[in-house]
Novice: 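One structure coming up, written as structure tokens, with questions to follow.
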Amino acid sequence: MAIVEPLSPTSEGRRRLGIRSPATRESVGEIVVNSQADVAGAIAKARDAQKEWARVPVAERAQIVRGAIDVLVEKRDEVAKTIVGETGKTHLESLIMEILPGCDYINFWCGRAVKELSDEKRKLHGYLRPYKKLMMHYRPLGVVGIITPWNGPFSLAMNPTVQAILAGNAVILKPSEVAPYSGDWAIRLLTEAGVPEGVVQTLHGDGETGAALVNGGVQKISFTGSVRTGKKIAAACAEQLIPYTLELGGKDAMIVCEDADLERAAGGAVFNSMLNSGHVCMGVERIYVVESVADEFEERVKDMVSELRYGTGEEVDIGSVFWDRQLPIIERHIEDAKAKGAEIVVGGEADTTDGLFYKPTFVRNVDHTMELMREETFGPIVSVMRVADEEEAIRLANDSHYGLSGSVWTKNTQKGIEIAKRMDTGSVVINDASMAYGAPEAPFGGVKDSGVGQVNGLGGLRGYTHQQPIIIDRWSAKKERVWYPHTAKSLEEIDGMIRFVYGTALKKLGFFS
Ligand code: NAD
């Protein structure tokens, strides 16, 4: 039974999709798929609303948006119920992966907005400084399309939406068809907080609706999802010459050094491999442990994984696989690893009696011939490969077409930093993992197949603006020196200026840089 399945069309012939809970297989709702005409209508409405919204001072925008925290805190049980129902993740995971970060993102970006988005004076350098002044203006782009995946359906919708609207844009969110109402909560909460009608809207549907949004005449696409879809979106945006960010898949490596705190490393390995049923883009997917400490590390991992409880309700550690399409990928990777000599120490099979569960699994003796170490598995699996030393771990960590995040586990922070710098990946965490996106100060984005562009970071909000320099005269003169007519006198003046600025010791003193 599919988690998302076509239902009979509406009386007007519109496509409908039924949504089931992957944990119980019970129906949790349906969506009427928004057509190309709906997308066009939403964009037109957004365009009108955005003109007004852009005129609202940033501080006022931030005040309105911040109100969504109160609504979210008040409605957190309802929001969590939708998320748990649609995804099958545990209640606790809905708090730590969705609602807590949701509150934090709103709070953080509202706190930054006035400083980051207000007009700003900047000094010009060198010979220009005596003549000209520079002012930076952060112009909203217009209408931003935000397309999100099913694994973090609420927080991954809330974070970009809040940034885009604080910057004065209107947003159209197209959440994943697997968890549509979890994403829609972001829009509902912002609307309830007072964000004007049309400034935030949701369009429901699958790839067809997403593609219509991308091609519908928006001014930017913020996409989070798979590499395959990301490439299609990049091509469509390139064709229209509109900016985009792509936050794509990962195969994050965890390097366990000889001097790691093995209790913490084993706990971190299990948690960061299993969190959200393993459906975390920056979750741990590959573990390289130095041979000399591998016995103890693996023993600890085995004990921990053996004790994990999966299922539904409050007293479980791990929920279901979120989508039926992910389960065969997890199964294929495990079967391929087994066939190539990996040892399944714990788990290693699905349990589909009541819902879509995959048993918490620990695999060792894996290597890079196996899909489990090369492609995104996105399942509750700890995969451990022994390496001779840290050099081999770095080499193998970099042997991937992905490069989203990664982690180094050592008691020597300086060594950890040195290893981090050699990792060919978007971000690195020392003695923890799966958290780079959760620190909004940190620019987040992958290298290689893991994405294009970065989100978050101190310039995150400004990514939703056009940074418009306005250059102003310091003195009002009738003409500039380089304007016509060009005479021997103007030649001598410019030549003299070059000699003075760049031909003397002054430049070494940094006067003109
Ligand atoms: P997906 O690419 O299948 O779908 C993502 C979204 O794109 C959905 O809303 C989908 O309906 C829409 N879509 C599908 N085809 C489209 C098209 N042609 N044009 C426009 N939109 C289209 O990805 P998914 O399976 O929902 O998500 C899982 C993937 O997301 C994993 O690879 C995971 O690693 C990645 N992810 C990345 C990050 C990150 O920040 N880097 C975060 C979370 C998830």
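Remember, it's 1-based here, ligands and their atoms both numbered in the order they're listed. Source: prediction; values computed, not measured.
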Novice: Residues around ligand 1, heavy atom under 4.0 Å from any ligand atom, sorted by chain and number. Can you pull those?
Specialist: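 The answer is Ile147, Thr148, Pro149, Trp150, Asn151, Leu156, Lys174, Pro175, Ser176, Glu177, Asp206, Gly207, Gly210, Ala211, Phe223, Thr224, Gly225, Ser226, Thr229, Lys232, Ile233, Glu247, Leu248, Gly249, Cys281, Glu376, Phe378, Leu404, Phe444, counting any residue whose heavy atom sits under 4.0 Å from ligand 1.
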Novice: Do Arg112 and Trp109 form a cation-pi contact, if we require the NZ or CZ to be under 6.0 Å from the six-membered ring centre and within 45 degrees of the ring's axis?
Specialist: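 The answer is no; the distance or angle limit is not met.
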Novice: Looking only at the aromatic ring of each residue, does the gap between the centers of Tyr288 and His368 stay below 6.0 angstrom?
Specialist: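 Yes; Tyr288 has its ring centre under 6.0 Å from that of His368.
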Novice: Under a 4.0 Å N-O cut-off, is there an ion pair linking Arg374 with Asp399?
Specialist: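 So Arg374 pairs with Asp399 through a salt bridge.
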Novice: Go through the steps to decide whether Glu86 and Lys89 satisfy the test salt bridge (Lys or Arg N to Asp or Glu O under 4.0 Å), and finish with yes or no.
Specialist: CA-CA 8 Å; Glu86 288 185 337; Lys89 70 173 77 181; over 6 Å; no
Novice: When you check the gap from the basic side-chain N to the acidic O, do Asp367 and Lys340 get nearer than 4.0 Å?
Specialist: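 Salt bridge: no.
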Novice: Among Glu26, Glu5, Glu30, find the residue that satisfies the side-chain hydrogen bond (donor to acceptor under 3.5 Å, both in side chains) test when tested with Arg20.
Specialist: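 Among Glu26, Glu5, Glu30, the one meeting side-chain hydrogen bond (donor to acceptor under 3.5 Å, both in side chains) with Arg20 is Glu5.
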